[in-house]
Colleague: 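Sharing a structure here in structure tokens format.
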Amino acid sequence: MRTAIVGAGPTGLFTAIALARRGHRVVVVDRDPGPAADGSWPRRGVMQFHHPHGIREQVLQAIRAEMPEVESALQKAGAERSILPAADGRPAMAVGLRCRRMVFERVLREAAIAEAGVTLVQGNAEDVVRVRGRAAGLRVDGGELAADLVVNASGRAGRVTDDLRAPKVGGDCGMSYVSRHYALLPDREPGPSNSPLGLITRFHGFLAGVFLQDNRTVSVFVARLSSDRDLAGLRHREAFDAAVRILPGIAEWTEPDRTRPITPVLAGGRLHNTYRGQLDAGGRIPLPGLVHLGDAVCTTNPTAGRGIATSLMQARQFVRTLGDDAESAAVGLDEWCTDHIRPWFDDHVAWDADEIRQWDGEDVDLSRPLTSGHIVAAAQADPSLMRVVGPYLSMKTLPATLAEVEPRAREIYAGGWRPPVPSAPTRDELADLVRRSTALSV
């Protein structure tokens, strides 16, 4: 089957290799030319490319199933396994890979280029070619690329099929962030961690953390309310440098005798939680022969590091079930995503809303069911909850499984316990530091 894929990100590249190994002739179209000769890769138009990423175990499961040599190539490129240590009778659990998005995508791109049956084309996919009510290829830079199957893996900002499908649900989750990559100096030990991802700390009015990445690099981030214009100044280097020096845990990671910055301060856009299935408003496949995958279906707040996982889970399911009838495969994928992907979107919507209320100073609302963020936090007070919380955090079980321990978490909060939050800096103290640092740099 001739297949055209829009988008050469992780979803598009993975799908291309997997379909080519099933006999498809695949062309992947993307405006990006790929890495430069000097190794740099701006990846314009993909805001999240240089920000923190978590490569979860679900990503590795998909890779092992379809292209196991890619996992070996990632480890040769410096990616490291991430392990949740054994505790309270629970065995140690592999939860993913520590790896920057740039390294992950570079290795996957090299595998796609080497794959017989896959061709990468630099160009702008302008529209889907439609013949007698079916997808028949892509219009690329004014020309036509014929195909029997078209895959939209253009990401959350893709517009190539905006006239099809029901409107997306969700939207801006109310948070924005900035980040910067650092490299550990030779012979220096890592800083503190409180999760397999690295270090995540909720302060009074904002969130900050460190994502562990490949080759002894880390990505430090600070997330704020999108409406908090005072903290928007963290995008300036002087303000960011001043902030990380006073944030407990972050300060240890960014000590000059431990790490050195290797990127500028990178401003991220507003964070979104969105979901959009395969069907139109009438519940039908709007254009047989066209399927949507990855962020074109589901995007989630990246602070939990679920994005590539939910994308490759979709792609793996699609390539396993695709036969000669692409329309039936799209219908089946939509049903599968409703059961296995949509819950992660719904989970983020609820968790993020509570997170924002906490940043605004509100207390836990015990008049309604606790959201997953509160249940996860309660495991600090009662580690036995990790029997259920651990598999959820590693995405081995769906969010609904937390209902088993919600009553116990509710007891903990009703008894007066609250998650410990560093007393300083507060949001106002950080905002004052940002203003002073920015003023000095003018």
Side-chain angles (χ1 to χ4, degrees), residues 84-91 93 95 170 173-175 192-209 222-228 247-250 271 273 300-301 303-306 342-430:
L84 181 65
D88 299 303
R90 174 186 47 76
M93 185 185 305
V95 294
C173 69
M175 304 178 192
S193 297
N194 60 10
S195 83
L197 287 175
L199 176 71
I200 309 294
T201 304
R202 182 170 62 84
F203 293 84
H204 291 288
F206 62 98
L207 184 77
V222 181
R224 60 175 175 86
L225 294 175
S226 298
S227 58
D228 192 338
L247 295 176
I250 310 296
L271 307 181
N273 296 311
T300 54
N301 179 344
T303 57
R306 294 171 176 167
R342 175 77 188 246
W344 296 109
F345 159 77
D346 292 332
D347 183 58
H348 256 298
V349 170
W351 184 334
D352 291 348
D354 263 356
E355 187 79 17
I356 287 174
R357 284 189 283 267
Q358 287 179 292
W359 291 4
D360 275 336
E362 294 185 24
D363 195 13
V364 179
D365 184 357
L366 294 177
S367 69
R368 56 188 179 85
L370 295 178
T371 55
S372 53
H374 291 312
I375 298 172
V376 168
Q380 298 175 61
D382 182 355
S384 71
L385 271 61
M386 285 301 295
R387 175 183 59 83
V388 174
V389 168
Y392 156 79
L393 287 175
S394 59
M395 295 182 68
K396 296 181 185 297
T397 57
L398 289 170
T401 60
L402 293 178
E404 178 186 344
V405 294
E406 195 270 352
R408 172 58 185 143
R410 178 177 295 277
E411 287 180 5
I412 292 170
Y413 287 103
W417 181 88
R418 295 296 182 268
V421 177
S423 59
T426 64
R427 178 266 168 205
D428 290 345
E429 290 168 341
L430 183 60

Colleague: Do the side chain of Ser193 and the main chain of Leu199 share a donor and acceptor less than 3.5 angstrom apart?
Modeller: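 No: the side chain of Ser193 does not pair with the backbone of Leu199.
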Colleague: Once rounded to the nearest 0.5 Å, what's the spacing between atom OG1 of Thr426 and atom CZ of Phe206?
Modeller: 7.5 Å
Colleague: For Ser227, what residues pass the side chain to side chain donor-acceptor pair (under 3.5 Å) criterion, not counting sequence neighbours?
Modeller: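 Ser227: no side chain to side chain donor-acceptor pair (under 3.5 Å) contacts found.
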Colleague: Please, which pairs that meet ring pair (Phe, Tyr, Trp, His ring centres under 6.0 Å) have at least one residue in residues 378-405, sequence neighbours excluded?
Modeller: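 Only Trp344-Tyr392 qualify under ring pair (Phe, Tyr, Trp, His ring centres under 6.0 Å).
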Colleague: Sequence neighbours left out, what passes side chain to side chain donor-acceptor pair (under 3.5 Å) with Asp352? Give chain and number order.
Modeller: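 Asp352: side chain to side chain donor-acceptor pair (under 3.5 Å) contacts with Asn273, Asn301.
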Colleague: Going by salt bridge (Lys or Arg N to Asp or Glu O under 4.0 Å), name the residues that satisfy it together with Glu429, two or more places apart in sequence or in a different chain.
Modeller: none
Colleague: Side-chain contact, heavy-atom cut-off 4.5 Å: Leu247 with Pro425?
Modeller: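 Side chain of Leu247 against side chain of Pro425, heavy atoms only: contact under 4.5 Å found.
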Colleague: For Asp382, check side-chain contact (heavy atoms from CB on, under 4.5 Å) against everything at least two apart and list the hits.
Modeller: Ser384, Leu385, Arg408, Ile412
Colleague: Name all residues meeting the side-chain contact (heavy atoms from CB on, under 4.5 Å) criterion together with Ser394; count only those two or more places apart in sequence or in a different chain, and write none if there are none.
Modeller: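 Ser394: side-chain contact (heavy atoms from CB on, under 4.5 Å) contacts with Met93, Val95, Lys396.
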Colleague: Grab the two heavy atoms, one from Gly170 and one from Phe345, that are nearest each other, plus how far apart they are.
Modeller: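 Closest heavy-atom pair between Gly170 and Phe345: CA-CZ, 3.9 Å.
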Colleague: Quick one, Gln358 with Arg418, criterion side-chain contact (heavy atoms from CB on, under 4.5 Å). Give me CA distance, side-chain angles, the key distance, then yes/no.
Modeller: CA-CA 11 Å; Gln358 287 179 292; Arg418 295 296 182 268; over 6 Å; no
Colleague: Looking at Arg427 and Gly205, what are the two nearest heavy atoms and their distance?
Modeller: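 Result for this residue pair: CB-CA, 3.9 Å.
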Colleague: Can you list every salt bridge (Lys or Arg N to Asp or Glu O under 4.0 Å) pair that touches residues 366-375, not counting sequence neighbours?
Modeller: Asp354-Arg368, Asp365-Arg368
Colleague: Taking side chain to side chain donor-acceptor pair (under 3.5 Å) as the definition, give me every residue that meets it alongside Thr397, ordered by chain and number, with sequence neighbours left out.
Modeller: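 Testing Thr397 for side chain to side chain donor-acceptor pair (under 3.5 Å), a comparison that skips the adjacent residues, returns Thr401.
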Colleague: So which atom in Leu402 and which in Ser372 form the shortest heavy-atom distance, rounded to 0.1 Å?
Modeller: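 That closest heavy-atom pairing would be CD1-CB, 3.4 Å.
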Colleague: Evaluate Ile375 against Val405 for side-chain contact (heavy atoms from CB on, under 4.5 Å), listing each step before the verdict.
Modeller: CA-CA 8 Å; Ile375 298 172; Val405 294; 3.8 Å; yes
Colleague: How about Cys173 and His348: do any of their side-chain heavy atoms sit closer than 4.5 Å?
Modeller: no
Colleague: With sequence neighbours left out, write down each residue that passes side-chain contact (heavy atoms from CB on, under 4.5 Å) with Leu366, or none if nothing qualifies.
Modeller: Val364, Leu370, Arg410, Tyr413, Ala414
Colleague: If the condition is salt bridge (Lys or Arg N to Asp or Glu O under 4.0 Å), which residues does Asp360 pass it with, not counting sequence neighbours?
Modeller: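 So Asp360 forms no salt bridge (Lys or Arg N to Asp or Glu O under 4.0 Å) with any residue.
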Colleague: Salt bridge (Lys or Arg N to Asp or Glu O under 4.0 Å) with Arg224: which residues, sequence neighbours excluded?
Modeller: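 For Arg224 there are no salt bridge (Lys or Arg N to Asp or Glu O under 4.0 Å) partners, ignoring immediate neighbours.
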Colleague: What's the separation between atom CG in Asp346 and atom OG1 in Thr371, rounded to the nearest 0.5 Å?
Modeller: 13.0 Å
Colleague: Would you please name every residue forming a side-chain contact (heavy atoms from CB on, under 4.5 Å) with Pro422, sequence neighbours left out?
Modeller: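 Listed in chain order: Thr201, Phe203, Pro248.
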Colleague: What closest approach, in Å, do Pro343 and Leu398 show between heavy atoms, and which atom pair accounts for it?
Modeller: CB-CD2, 4.2 Å
